[in-house]
Amino acid sequence: MRAWVLENQAPIEDRALKLLDIHTPHPKKNEVRIKVLNCGICRTDIHIAEGDLPLRKSPIILGHEVVGIVDEVGENAHRFHVGDKAGAYWLYSTCGKCKYCLSQRENYCPSFMATGWDENGGFAEYMTIGEAYALPLNAIQMPTASLAPLMCPGIAGYAALKLANLKKGERLGLFGFGPTAYIALKIAQYLRVETYVSTRSNKNIDRAKREGAEWAADASKEEIPCRLDAAILFPPAGNLVEPILRQLEKGGTLVLAPVSASPIHIENYSKNLWGRTIKTLYHLTRSNALEFLGMLDRLSLEMETCLFPFEALPDALILAKHGKLEYPNAVIKISD
Ligand SMILES: NC(=O)c1ccc[n+]([C@@H]2O[C@H](COP(=O)([O-])OP(=O)(O)OC[C@H]3O[C@@H](n4cnc5c(N)ncnc54)[C@H](OP(=O)(O)O)[C@@H]3O)[C@@H](O)[C@H]2O)c1
Ligand SMILES: [Zn+2]
Ligand SMILES: [Zn+2]
C-alpha cells in the first residue's frame, strides 16, 4: 500500500514525511482493517512531526482523523462486517485492566496508545485497529470528508467542553477559534451557554460572530465585556493562561486543550489563580467519542473543509501549520 511515513522529526517545511510503498497490514484476531477514504490533519500531527512531542515509534504513519470502510476482519472480530463505515481517532488502545480502565477513565491508562503516534494512523491506504476501538459510523449520513475532522476536533471539542462543566445560562470563553473551538461553540449553543471568543485573526473573529458567539475579538486588544464561568484554551500558548484566569469568576474553570504548550507562568497567585481550577484535556475516551456521535444530529454543524489529494499531504501540513488554509479543516482524500 502507499503510505506517508515519518522516520525522523524535522520542521514541516523540510518535508520529512515520505510517500512509500509498504507492506499492507492484515488485521490480527481482534482487529479490523480499514480502507481509508479520508484522514484529517490535526495540530497534534505537526507537534509529532516536528518534535514537540517525542517520537514513540519509528517509522510511523501519522493521522488520527480517519474515516473509511472495513475491508477485512480478524477471526475473532465480530463487531464490524466488511463494508461497514468505520472511524479511528486519537485513542488507539488501552490495557482494559488498570484502575483507570476499570473506572471509565481510560484516557489516563498508563498503556494508552495513540493512533498515529504509538501505532500507525490514517495517512495510508489501509490501517488496522482493535475492533473495540474502531468507531461504527454506518448511521451517520455526512460525507466522509466532513466526518473526518469530527474524529479529532469533534470528539476533543466535546471532551473539552465536558471538562468545563457548564450549565444553561453560564458564560464560556473560547481562546483560539480553530476547528476544535468551533465544535465547542456549537455544543455550547445547544446547551444554551453564552460564548465569548478571543482569537487574533479577523477571519476567525468574523467566523465566530457568524456562528453566533455573543462576542468575538482579540482579548489582548479589546476587553471581554464580562467575567466567564469557564474558558477553554486551544492553541499551545502558555502566556495566555494568566490573562484568561484573570477573566474567570471565582469558582471558574480553565480547561487547557493542547498536548504541548509554551511555558506557563503565573505571577499573581492570590488575584488570578486562587479560587479557580485548571484542568487539562488528557487524551480521549470511548465514551467521549460515543456521546459526541450520539448528539451529532442535534448540532447544526457545517464542516468547512479544504480537501487535498493524497500526494499533497506535505503541502497541506505546511498550510495548516501557518494558518493559511482557506477553510478551517484540512482533509486528505485517500480513496473513493
Ligand atoms: N489534549 C488532548 O488529548 C487533545 C486531543 C485533541 C486535540 N488536542 C489539542 O487541541 C488543540 C486543537 O485545537 P485546534 O485544532 O482548534 O487548534 P489550532 O488550530 O492549533 O489553534 C486554534 C486557533 O488558535 C489561534 N492561535 C494559534 N496560535 C496562537 C497563539 N500563539 N496565540 C493565540 N492564539 C493562537 C489561531 O487562531 P487566530 O489566528 O485567529 O489567533 C488558531 O486558529 C490543539 O492544540 C491539539 O493539539 C488535544
Ligand atoms: Zn487531533
Ligand atoms: Zn488501562
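Counting starts at 1 for both ligands and their atoms, following the listed order. In what follows, every heavy atom counts, from backbone to side chain, and hydrogens, waters and symmetry copies are set aside.
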Could you tell me which atoms of ligand 1, counted from 1 in the order shown, lie closer than 4.0 angstrom to a heavy atom of [X]?
{"X": "His283", "value": "2 (C), 3 (O)"}
{"X": "Leu281", "value": "1 (N), 2 (C), 3 (O), 4 (C)"}
{"X": "Ala237", "value": "30 (C), 31 (N), 32 (N)"}
{"X": "Phe177", "value": "23 (C)"}

message: Taking only non-hydrogen atoms of Cys152, do any sit less than 4.0 angstrom from ligand 1?
response: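 Yes.
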Ligand 1 contact by Ile155, heavy-atom criterion under 4.0 angstrom: no
query: For Pro236 and ligand 1, does the shortest N/O to N/O distance drop below 3.5 Å?
result: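 N/O-N/O distance under 3.5 Å: no.
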- prompt: Do the two ring centres, one from His64 and one from Tyr89, sit under 6.0 Å apart?
  reply: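 No, too far apart.
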Output field: ring centroids Tyr108/Tyr282 closer than 6.0 Å: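 Yes.
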message: Quick test of your reading of the model: are Asp71 and Arg33 salt-bridged, counting only N-O distances below 4.0 Å?
response: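 Arg33 and Asp71: salt-bridged.
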Looking only at non-hydrogen atoms, which of [options] approaches [atom] most closely?
{"atom": "atom 27 (C) of ligand 1", "options": "Lys321, Arg200, Arg43, Glu65", "result": "Arg200"}
{"atom": "atom 37 (O) of ligand 1", "options": "Val197, Asn204, Leu91", "result": "Asn204"}
{"atom": "atom 46 (C) of ligand 1", "options": "Ile41, Val255, Thr44", "result": "Thr44"}

statement: Rounded to 10°, the SG/Cys109 to the Zn ion (ligand 3) to SG/Cys95 angle comes out at 110°
message: Please tell me whether Ser335 and Lys35 have a donor and an acceptor in their side chains that are separated by less than 3.5 angstrom.
response: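 Ser335 vs Lys35: donor-acceptor pair found between side chains.
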